[in-house]
Amino acid sequence: MAVLLLGEVTDGKLNLDATSKAVAGAQTLGEVTVLCAGASAADAAGEAAKIEGVAKVLCAEDASLGHRLAEATAALIVSLAGDYSHVVAPATTDAKNILPRVAALLDVMVISDVSGVVDADTFERPVYAGNAIQTVKSADPVKVLTLRTASFEAAATGNDAAPVETVAVPEAPGLSEWVEDHVAASDRPELTSAKRVVSGGRGVGSDENFALIEKLADKLGAAVGASRAAVDSGYAPNDWQVGQTGKVVAPELYIAVGISGAIQHLAGMKDSKIIVAINKDEEAPIFQIADYGLAADLFTAVPELTEKL
Amino acid sequence: MKVLVPVKRVIDYNVKVRVKADGSGVDLANVKMSMNPFDEIAVEEAIRLREAGTASEVVVVSIGVKQAQETLRTGLAMGADRAILIVAAEDVHQDIEPLAVAKLLTAVIAEEEPGLVICGKQAIDNDMNATGQMLAALLGWPQATFASKLELGDGRATVTREVDGGLQTIAVKLPAIVTADLRLNEPRYASLPNIMKAKKKPLVEKTPADYGVDVTPRLEIVKTAEPEGRKAGVMVASVDELVAKLKDEAGVL
């Protein structure tokens, strides 16, 4: 049994948190080889080599791999897949774009958003927005899966580096090209790996009012999240969205402000260690899953909380 | 240019999901079913392209149980021109896997030759997020997933995508597969006259055998369970009490 794991590489940098959580999740499936692909990937490969549990790192550098375009990256993975029983990746938007394409090219089913590994063929994954957990057993010769990072503790990084090999890159299919990225520059921690998250919902009322959420987050050194209702109302950008259709987070502390607790939101945060809910509606469903609930007007409670922390 | 939109019949997003006590799945008997919300967005985008004169015809396709013709009628009422139903399951609890769906769609596309396919990014039942990508792979077409903006011109589509760090814009050669994310548009409601008109629009029925595709699942569903519940904690009376609890009891500050 051998695992090919697509490392999360963006603009030449390794996303260590997502990659090492996937390494931890894949550990029981076999010897893990991490693939780092990009226009430049050598630094990322060097870093991935130090993650504990990584046996080998493959480094693929080519301009066509620069922006994680699915067509070129999938072609690369397929060219390497013959040596492996499992092809896995952290369930990021990049991997969710690429891995189903890989699976179809290998004529196997993809298994998305795996939250638990039962054995080499059997996996648990949330369905129906996390309202049910399905256990599936794959009969395919190669298992292609994405691992939900919130479900796994990150593997540690050590000093012993695994060997790094350079691999040949197949000719790019030339079907797509990158135009531009709009990445919000922020000093805040990244949402999916943050230890603390403060999220606002429709109750926040406007994008100006979202400053209250951001101030509390900055006081805590937290990432900022939002419910789908807040995103749909234009109070917050979509990449802040936590939930079934957004990001899945599991921080040590999650503070939900003005969020009623729709199923679709809970699906993205209910694995958080401690959940705090602040909402003026005492009947809000969020209180049924919160460790600490405060039924209060957020416009007085949040500034007071920011002040007293 | 013809635009093809695959649509799926799923449990209505407002319905509370109930896991069957014997672990065999989710109870779908006598439950309200609707078009997958992401597919509604895909249909809306295709209709807007036709209204703008970019697309000449919008064809909706559904694969599943016979009752999926209601879902197709919804698409026709929104404004699609005609529909294809591939009856691949008898029991509403039987889900056709994305790989099999992609193979059937590949066969439909070989016949229909659309210039663009718009799918929803994921179905809210199996949450796989895979059909569009798999279809692109089988066709050897480019894919532009999680789209929040779509512009067509000169043999290519420029698509803005919702990605983890923000937005990415890519250009893909046509024909291509685009998968719709939430912010691509707000789907219209079908008006009563259009619902009546939709009843007369053409809907053809096929089977997987017509296309020579085997829809046997690759994944065996061993069991379906309720997620571990989270117990409600305590209500605090003030911000001071909250801060004290977080510091002393939870130890997270």
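In what follows, chains are A, B, ... by sequence order, proteins preceding strands, each numbered from 1. Worth knowing before you read on, the calculation uses all heavy atoms, side chains too, and leaves out hydrogens, waters and symmetry mates.
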V102(A), part contacting chain B, at a heavy-atom distance under 4.5 Å: neither

So, the part of A237(B) with a heavy atom under 4.5 Å from chain A: the answer is backbone

Which atoms of L305(A) are under 4.5 Å from chain B, going by heavy atoms: the side chain, the backbone, both sets, or neither? both

When heavy-atom pairs shorter than 4.5 Å are enumerated against chain A, which of V19(B), V163(B), T131(B), I11(B) gives the highest number? V163(B)

Ion pair check, R156(B) and E177(A), cut-off under 4.0 Å: yes

For Q241(A), which atoms come within 4.5 Å of any heavy atom of chain B: side chain, backbone, both, or neither? side chain

Proximity breakdown for L309(A) and chain B, heavy-atom pairs closer than 4.5 Å: side chain

For the side chain of K308(A) and the backbone of V243(B), is there at least one donor-acceptor N/O pair under 3.5 Å apart? no

Which bit of V234(B) comes within less than 4.5 Å of chain A, counting heavy atoms only: side chain, backbone, both or neither? both

Do any N or O atoms from the side chain of Q133(B) and from the backbone of K96(A) form a donor-acceptor pair under 3.5 angstrom? yes

With rounding to the nearest 0.5 Å, note down the distance linking CG in N97(A) to CZ in R161(B). 4.5 Å

Counting only non-hydrogen atoms closer than 4.5 Å, does R218(B) touch chain A with its backbone (N, CA, C, O), its side chain (CB onward), both, or neither? both

Among S176(A), P237(A), A262(A), residue most engaged with chain B (heavy-atom pairs, under 4.5 Å): S176(A)

Between G132(B), P217(B), A250(B), A225(B), which has the largest tally of heavy atom pairs under 4.5 Å with chain A? A225(B)

Test side chain to side chain contact (heavy atoms under 4.5 Å, CB included) on V136(A) and E220(B); report intermediate values, then the result. CA-CA 5 Å; V136(A) 294; E220(B) 177 202 343; over 6 Å; no

Indicate yes or no for a side-chain donor-acceptor contact from K231(B) to the backbone of D291(A) under 3.5 Å, with no hydrogens or angles considered. no

Between CG on residue L219(B) and CD1 on residue I111(A), distance to nearest 0.5 Å: 5.0 Å

Under a 4.5 Å heavy-atom cut-off, does chain B meet the side chain of D121(A), its backbone, both or neither? neither

Please flag which part of A290(A) lies under 4.5 Å from any non-hydrogen atom of chain B: side chain, backbone, both or neither. backbone

Between E180(A) and chain B, which part of the residue has a heavy atom less than 4.5 Å away: side chain, backbone, both or neither? both

Are L246(B) and I274(A) close enough, and set up right, to give a side chain to side chain contact (heavy atoms under 4.5 Å, CB included), and what steps lead you there? CA-CA 9 Å; L246(B) 290 176; I274(A) 297 290; 4.1 Å; yes

Verify, without hydrogens or angle tests, whether Q134(A) (side chain) and V222(B) (backbone) share a donor-acceptor contact under 3.5 angstrom. no

Residues of residues 36-43 of chain B within contact distance of chain A, non-hydrogen under 4.5 Å: F38(B)

For chain B, find which of T122(A), L105(A), T300(A), L266(A) contributes the most heavy-atom pairs closer than 4.5 angstrom. L105(A)

Under 4.5 Å from any heavy atom of chain A, what part of K223(B) do you find: side chain, backbone, both or neither? both

What part of A102(B) gets closer than 4.5 Å to chain A, counting heavy atoms only: side chain, backbone, both or neither? neither

Top of L182(B), D125(B), I221(B), T145(B) for chain A proximity - count of heavy-atom pairs under 4.5 angstrom: D125(B)

Check whether any side-chain N or O of D127(B) sits under 3.5 Å from a backbone N or O of A129(A) as a donor-acceptor pair, and report yes or no. yes

Between V172(B), V236(B), V159(B), T160(B), which has the largest tally of heavy atom pairs under 4.5 Å with chain A? V236(B)

Would you find a donor on one side and an acceptor on the other, under 3.5 Å apart, between the side chain of D164(B) and the backbone of T93(A)? yes

So, Y292(A) versus E249(B): side-chain donor-acceptor pair below 3.5 Å or not? yes

Measure distances from V302(A) to the heavy atoms of chain B and classify the residue's part below 4.5 Å as side chain, backbone, both or neither. neither

Are the side chain of R230(B) and the backbone of I289(A) linked by a donor-acceptor contact shorter than 3.5 Å? yes

Verify side chain to side chain contact (heavy atoms under 4.5 Å, CB included) between Q244(A) and I124(B), making sure each step is shown before the conclusion. CA-CA 9 Å; Q244(A) 180 191 20; I124(B) 62 162; 3.9 Å; yes

Name the member of E241(B), Q143(B), K16(B), E97(B) that forms the most heavy-atom pairs with chain A at distances under 4.5 Å. Q143(B)

Side chains of residues 191-198 of chain A: which donor-acceptor pairs under 3.5 Å do they make with residues two or more places apart or in other chains?
| from | atom 1 | to | atom 2 | distance (Å) |
| --- | --- | --- | --- | --- |
| T192(A) | OG1 | E190(A) | OE1 | 3.0 |
| T192(A) | OG1 | E190(A) | OE2 | 2.8 |
| S193(A) | OG | E190(A) | OE1 | 3.2 |
| R196(A) | NH1 | L220(A) | O | 3.0 |
| R196(A) | NH2 | V252(B) | O | 2.8 |

Check the pair D107(A) / L99(B) against side chain to side chain contact (heavy atoms under 4.5 Å, CB included), numbers first and verdict last. CA-CA 8 Å; D107(A) 192 28; L99(B) 181 62; 3.7 Å; yes

If we define contacts as heavy-atom pairs under 4.5 Å, which of I263(A), V108(A), V231(A), V118(A) has the most with chain B? V108(A)

Sort out for me which of G140(B), A144(B), A232(B) touches chain A most, counting heavy-atom pairs under 4.5 Å. A232(B)

Does any heavy atom of chain B fall under 4.5 Å from the side chain of K137(A), the backbone, both, or neither of them? both

